[in-house]
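What follows is one structure encoded as structure tokens, with my remarks underneath.
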Amino acid sequence: MKNGSKLFTLLFSTFSLLSNTTLYGTEKTIWLDEIDSHGYYIQDWGSPQVNRSVVGTPMSIGGREFSRGIGAHAISRMLFDLGGKAKKVQGMAGPDDTNLFATNLEFKIIGDDKELWSSGVMKRGDAAKPFNVDLSGIDKVLLLVDMCDDEFMYDHADWAEVRFITDGTDVRAIPVWPEPIHKEPYILTPKAPDTPQINNPKVYGATPGAEFIWSVMATGKRPMTYSAEGLPEGVDIDTTTGVMHGVANIKGDYKVILTVTNNLGSNSCEVTIKIGDRISLTPVMGWSSWNCWRFDASDEILRRTSDIMHEKLHDYGWSYVIVDDGWEASKRTSEGILNGNTNWPDMKALTGYIHSKGMKFGLYSSPGPTTCGNFPASYKHEYIDAQTWADWGVDYLKHDYCSHTLVEKDSSEGSIRAPYDIMRDALDLTGRDIVFCVGYGAARVWHWGPDAGGNQWRTTCDITDSWNVVQAIGNCQDVCAPSTAPGRFNDPDMMVVGEVGGGWGAQKHPTLLTPDEQYSHVSLWAILSAPLLLGCDMEKLDDFTLSLLTNREVIAVNQDPLCAPAVKKVTENGQIWYKPLADGSIALGCFNMQPYFALWNQDDGEAMQLRDYDFEIDFAELGITGSATIRDIWRNADEITGVKDRYNISVPYHGVKFIRIIPENADVSCR
Ligand code: GLA
């Protein structure tokens, strides 16, 4: 090579290195970190970071640092329009070294509807995997980070040094899901009749010797009178409020007939009160302060919230009012007691207020020295804290796995579980019935949560009101669903309906989910037997949100005493989830989830992508032999009787059709 051309090559490659976008003859190099994402990239937690990991640190995979790329979080989707003109995409991918747990994730490059490259399952510490993928003839390409079966929701995932090589044309980021067509909220829930209607779950558990608090929960015109026949000795009912209170000392299954009467009629229902070893036999239904109030909740807010819950929701089963992180004083007393801060003048008076309505109170801590929000937590103070809470009358503890990694470097399952065993023991010693929620941050918790005495456990990172997040969380709950049982529930986090946002930094705002997405969200949480925890501003409950929360048949699916694990079936058009109910019927939801590949299966553009989809229910797959009635759960009405073999259902974009299939021989006497 002549000196001149050497100089040219040197100058050109220097120019190439310095330039972000490089033209090489007819070739153009477009770096991923240079593409304007227009906010279109979506992921289930945090936001994608340019040239940094998702938590803002330098990108690092298997000990090697990278200066450019995108720091994402699984599940993450980035979709690009190549106009059929791209040649290649090259780069490297791997889990970021900041991952707290072992991590199990997979990077995929999908071109139109074909998988072009997969990293295979990768774990924290693996070396970055290089790729050089041919894109000839490909119109749209998706960079996907997928979670893998057993580990999910805490995955920091890096796309490093990624660039597209094109024939000179640009690469455009485009939305993964088309914007839904605006639809006004529409109410399906029928108005409750003026005659009394009891909504209690069919089963309730308490331990002998513990304070017993439960209510007859019924809609109907006031005033009403209440009675309960067959209550365990030591428990009485207030006939004007329906609150059942006392202490039951003798173990056993008590068949209790609840009756509610007003001047228009009366309603009776049999429930079983189990005095034994287990509590929370059906999922908790309540409200937690975090998604709306962050660290600013107060005694006053909780009192107001409990008033509203009592007035509008308690008749349907909503009972728990919970303060999340931020109630704690900055220091313990000289005796080691952790009191509330100035927002919480008298915890015992507050719980007394809530209990007087027949409702319950919950609070928050962590097994490490500090909570997720940096307040003092229960490390080495488990016994004194549990006793303090029991003295206050606490009924529920959310125990997030925060800061324990500061005192325990080993991230094996046993080490993560150990402080939960201690707290369970501490709670048991108090003799109070306290629902134990193994909180956010503990890996693979559904494997050990039941043995650690958890009544529920957070399976995911924090929810926000975006369809991407809600469907990502919902989609993967089949992995942990088999752990569901009475008193043992997977918690996919609080529901994002109503006015939310204050908790995760955004200004409070009406949920960004569309009405159809909200129906999907509530239906899925119901069929999953998930704890139903609201996170909205209760003072701003609008009619639509209220209708989502007061549908007795939707709630009955959630509170079904069988607590059977829901099963997911992926179809071409979305997902079908179903679970058997105690009365022999089957609850089933067809969800038009719009899998990402659906985007490329359409010939005529966006309008097609927003269409309704048809689902076929095959009775044989559900084990139904004879004919059955199809009941529309949201409308509380039979849709059709005498159906045999199969049933077809049409579902709107991101919406759901939620039905009960009632075989001829099912006993459906009590809702
Ligand atoms: C974690 C949890 C949230 C909330 C905060 C409090 O992020 O997932 O639900 O409890 O901690 O600090």
Side-chain angles (χ1 to χ4, degrees), residues 43-47 54-55 73 98 100-101 152-156 284 286-298 301-302 320-330 338 340-341 343-344 361-379 394 396-406 416 419-420 423 435-443 445-446 449 454 456-466 469-470 472-473 477 480 489-498 500-506 508 525 530-537:
Q43 57 192 42
D44 66 318
W45 184 84
S47 33
V54 69
V55 287
H73 193 272
T98 52
L100 217 48
F101 304 115
F152 56 74
M153 286 292 170
Y154 305 111
D155 302 323
H156 307 173
V284 160
W287 173 93
S288 177
S289 58
W290 180 254
N291 282 354
C292 183
W293 297 105
R294 203 172 173 84
F295 302 128
D296 296 332
S298 63
I301 289 173
L302 257 78
Y320 285 77
V321 183
I322 300 157
V323 56
D324 205 285
D325 204 358
W327 62 268
E328 309 88 342
S330 57
L338 184 59
N341 59 39
N343 278 359
W344 307 92
F361 171 76
L363 51 60
Y364 174 98
S365 192
S366 296
T370 56
T371 64
C372 297
N374 254 328
F375 292 85
S378 298
Y379 178 60
V394 169
Y396 173 107
L397 169 67
K398 173 177 176 183
H399 208 43
D400 271 359
Y401 189 70
C402 276
S403 84
H404 196 255
T405 46
L406 299 176
I416 299 171
Y420 286 96
M423 183 53 90
V435 175
F436 187 31
C437 172
V438 180
Y440 160 83
V445 61
W446 51 96
Q456 59 189 63
W457 39 82
R458 264 286 289 284
T459 55
T460 69
C461 52
D462 289 8
I463 199 166
T464 52
D465 58 332
S466 109
V469 174
V470 172
I473 287 178
Q477 295 301 311
C480 42
F489 302 105
N490 294 296
D491 172 10
D493 208 2
M494 291 163 267
M495 294 198 294
V496 279
V497 296
V500 289
W504 53 77
K508 273 192 272 166
W525 264 233
L532 297 183
L533 292 168
L534 302 172
C536 55
D537 185 341

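Remember, it's 1-based here, ligands and their atoms both numbered in the order they're listed. Everything numeric here is computed off the predicted structure, so don't read it as measured data.
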- line: Taking only non-hydrogen atoms of C372 and a 4.0 Å limit, the atoms of ligand 1 in range are 1 (C), 11 (O), 12 (O)

task: Answer yes or no: does an N/O atom from D324 fall short of 3.5 Å to an N/O atom of ligand 1?
output: yes

field: Protein heavy-atom partner closest to atom 8 (O) of ligand 1 - residue, atom, separation in Å
entry: D462 OD1, 2.3 Å

query: Which of the atoms in ligand 1, numbered in the order shown and given with their element, are less than 4.0 Å from a heavy-atom of K398?
result: 3 (C), 4 (C), 9 (O), 10 (O)

message: I'd like to know if the side chain of D400 pairs up with that of S366 as donor and acceptor (distance under 3.5 Å, no hydrogens or angles considered).
response: no

Any donor-acceptor N or O pair under 3.5 Å, side chains T459, Q477: yes

- request: Measure up the H156 and W45 rings against each other and bin them: parallel (under 30°), tilted (30 to 60°), perpendicular (over 60°).
  value: parallel

task: For R458, counting its heavy atoms only, list the atoms of ligand 1 lying under 4.0 Å from any of them.
output: 2 (C), 8 (O), 9 (O)

- request: Could you tell me whether the side chain of Q456 reaches within less than 4.5 Å of the side chain of V435, counting heavy atoms only?
  value: yes

- prompt: Between W457 and N490, does any side-chain donor sit less than 3.5 Å from a side-chain acceptor?
  reply: yes

- prompt: Among protein heavy atoms, which sits nearest to atom 11 (O) of ligand 1, and what does the distance come to when rounded to 0.1 Å?
  reply: D400 OD2, 3.2 Å

- line: Ranked by distance from atom 12 (O) of ligand 1, the top protein heavy atom is D325 OD2, 2.9 Å

- request: Would you please indicate if the ring centroids of F295 and W290 are separated by under 6.0 Å?
  value: yes

